[in-house]
Amino acid sequence: NDGSVTATPVDAYDSEYLCPVSIDGQILALEFDSGSSDLWVFSTSLPLSQQKGHVIFDPSKSKNWKALSGYTWNITYGDKSGASGTVGTDVVTVGGTSVSGQAVEIATQVSSQFVSDTANNGLLGLAFSSINTVKPQKQKTFFDLAKPSLSSPVFTADLKHHAPGTYDFGTINSAKYTGAITYTNVVTSKGFWEFTGSGYAVGNGSFVSSSIDAIADTGTTLIYLPDAVVTAYYQQVSGASYDSSQGGYTFPCSATLPNLTLGIGSYRAVVPGQYINYSPRGSKCFGGVQSNTGIGFSIYGDVFLKSQFVIFDGSSTPRLGFASK
Ligand SMILES: CSC[C@H](NC(=O)[C@H](Cc1ccccc1)OC(=O)N1CCC(N)CC1)C(=O)N[C@@H](CC1CCCCC1)[C@@H](O)Cn1ccccc1=O
């Protein structure tokens, strides 16, 4: 049972995209995150102060809810936000795709970033089940459980700039992209959709071949790249500089930003310069391309993903596909 669901940007900066998910009829807006593998929700088990402003899942109102007694989870994300709690299973439906026995992780504690982000009522992880945090037994992701019932074991991301996009499960909709799809192999040892980029070009500059170890991460807003790439990029932006007080590169909001081309095999993925003006920060604007220092790999986040049609192929040899649109 293939499915398609709308992914709506939460704000004017496309800082995250939320999708309606039904848990036994209770509908919550969740962030789909291909960088993690837990499906967790705001719940009635949270302190009332942390529930404020959010849509709350109430397991006592679900007839298909089965508590997994003694099971717990605890996750910390790259941005130091996090959550933890208990676990049960229920029927989870995304677009037309329905899964029973899905582990739904109930939050009993969430960090302040989640409390204040009132549009976000939890996450649906789409990385590999190997990094699910549930103990004593890790649980499968929605995609893993849905796979056998899909026409093909894939999901696609068609995120858009300042507009709603879609995630599709089970089909590759040829109306959503142009030209050929370029596939690249994925390394799953860290549990991510990890691949090796083939290089970059800034604006109309020549392409620089270099291997870039990266993950395709729908849950990360920006693009995080090696310093060599980031400095080469901002050298082409007049008035750009690294602003330690803002924690990244900023530039005058009037600056014209060059396109950034990222190579995937022989394919050249072009990120329009305007996508790289992330948001106003003080008197300047904050860049959508930042350094990957301290992360350990590069992250091709939403600023990149929304310029492409992306296939997450979960067949026995997982791979990523990219196409223009
Ligand atoms: C360098 S990984 C930073 C990244 N978190 C972001 O990208 C947040 C997302 C956001 C946006 C708006 C409101 C709240 C949160 O946004 C910023 O950090 N931004 C945007 C706002 C800007 N002012 C500063 C830069 C991150 O931990 N993602 C994880 C999923 C996130 C967690 C927070 C909630 C949304 C989903 C995850 O896939 C990252 N992962 C990837 C691989 C391994 C572990 C890991 O954990």
Side-chain angles (χ1 to χ4, degrees), residues 7-19 21 28-42 53-54 73-84 105 107 110-133 141 157 159 167 186-195 213-226 230 242-250 275-282 284-306 310 312:
T8 306
V10 282
D11 59 20
Y13 315 119
D14 299 344
S15 51
E16 50 183 346
Y17 295 83
L18 300 178
C19 306
V21 174
L28 284 78
L30 303 186
E31 159 118 45
F32 284 19
D33 177 24
S34 62
S36 66
S37 305
D38 286 48
L39 194 171
W40 69 263
V41 291
F42 272 70
H54 289 267
W73 61 283
N74 187 329
I75 196 161
T76 303
Y77 296 105
D79 58 17
K80 309 288 174 261
S81 65
S84 60
E105 301 170 31
V110 297
S111 65
S112 56
Q113 179 186 301
F114 283 110
V115 177
S116 53
D117 182 8
T118 50
N120 183 321
N121 303 303
L123 263 71
L124 188 144
L126 291 168
F128 293 86
S129 299
S130 56
I131 57 171
N132 175 268
T133 75
T141 64
L159 301 178
Y167 286 98
V186 157
V187 169
T188 64
S189 51
K190 293 195 199 97
F192 309 131
W193 293 89
E194 185 175 9
F195 65 101
D213 174 18
I215 67 168
D217 184 2
T218 59
T220 288
T221 310
L222 310 181
I223 303 173
Y224 295 88
L225 290 167
V230 179
Y242 182 82
D243 180 344
S244 50
S245 68
Q246 297 291 0
Y249 283 85
T250 61
Y275 290 17
I276 299 171
N277 183 341
Y278 171 65
S279 75
R281 266 298 178 84
K284 298 280 187 70
C285 274
F286 195 77
V289 170
Q290 297 294 343
S291 167
N292 70 2
T293 301
I295 297 175
F297 40 81
S298 292
I299 302 184
Y300 289 24
D302 298 334
V303 167
F304 169 78
L305 297 170
K306 66 186 178 180
V310 187
F312 293 79

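Just so it is clear, the model here is predicted, and its values are computed rather than measured. In each ligand, atom 1 is the first atom listed, and ligand 1 is the first ligand listed.
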For ligand 1, output the ligand-protein N/O contacts shorter than 3.5 angstrom; if there are none, return none.
from     : atom 1 : to   : atom 2 : distance (Å)
ligand 1 : 5 (N)  : D79  : OD2    : 3.0
ligand 1 : 7 (O)  : T221 : N      : 3.1
ligand 1 : 16 (O) : T221 : OG1    : 3.2
ligand 1 : 23 (N) : R281 : NH2    : 2.5
ligand 1 : 27 (O) : G78  : N      : 3.1
ligand 1 : 27 (O) : D79  : N      : 3.0
ligand 1 : 28 (N) : G219 : O      : 3.3
ligand 1 : 28 (N) : T220 : OG1    : 3.3
ligand 1 : 38 (O) : D33  : OD1    : 2.8
ligand 1 : 38 (O) : D33  : OD2    : 3.3
ligand 1 : 38 (O) : D217 : OD1    : 3.0
ligand 1 : 38 (O) : D217 : OD2    : 2.7
ligand 1 : 46 (O) : G78  : N      : 2.8

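- The side-chain contact (heavy atoms from CB on, under 4.5 Å) search around T220 returns D217, Y224, I299, not counting sequence neighbours.
- With sequence neighbours left out, S111 forms a side-chain hydrogen bond (donor to acceptor under 3.5 Å, both in side chains) with no residue at all.
- Separation of the Y167 and Y17 ring centroids does not fall under the 6.0 Å cut-off.
- Between S298 and N292, the side chains place a donor N or O and an acceptor N or O closer than 3.5 Å (distance only, hydrogens not considered).
- A search for side-chain contact (heavy atoms from CB on, under 4.5 Å) contacts involving T188 returns F128, V186, P318, not counting sequence neighbours.
- A salt bridge does not link D243 with K284: every distance from a Lys NZ or Arg NE/NH1/NH2 to an Asp or Glu carboxylate oxygen is 4.0 Å or more.
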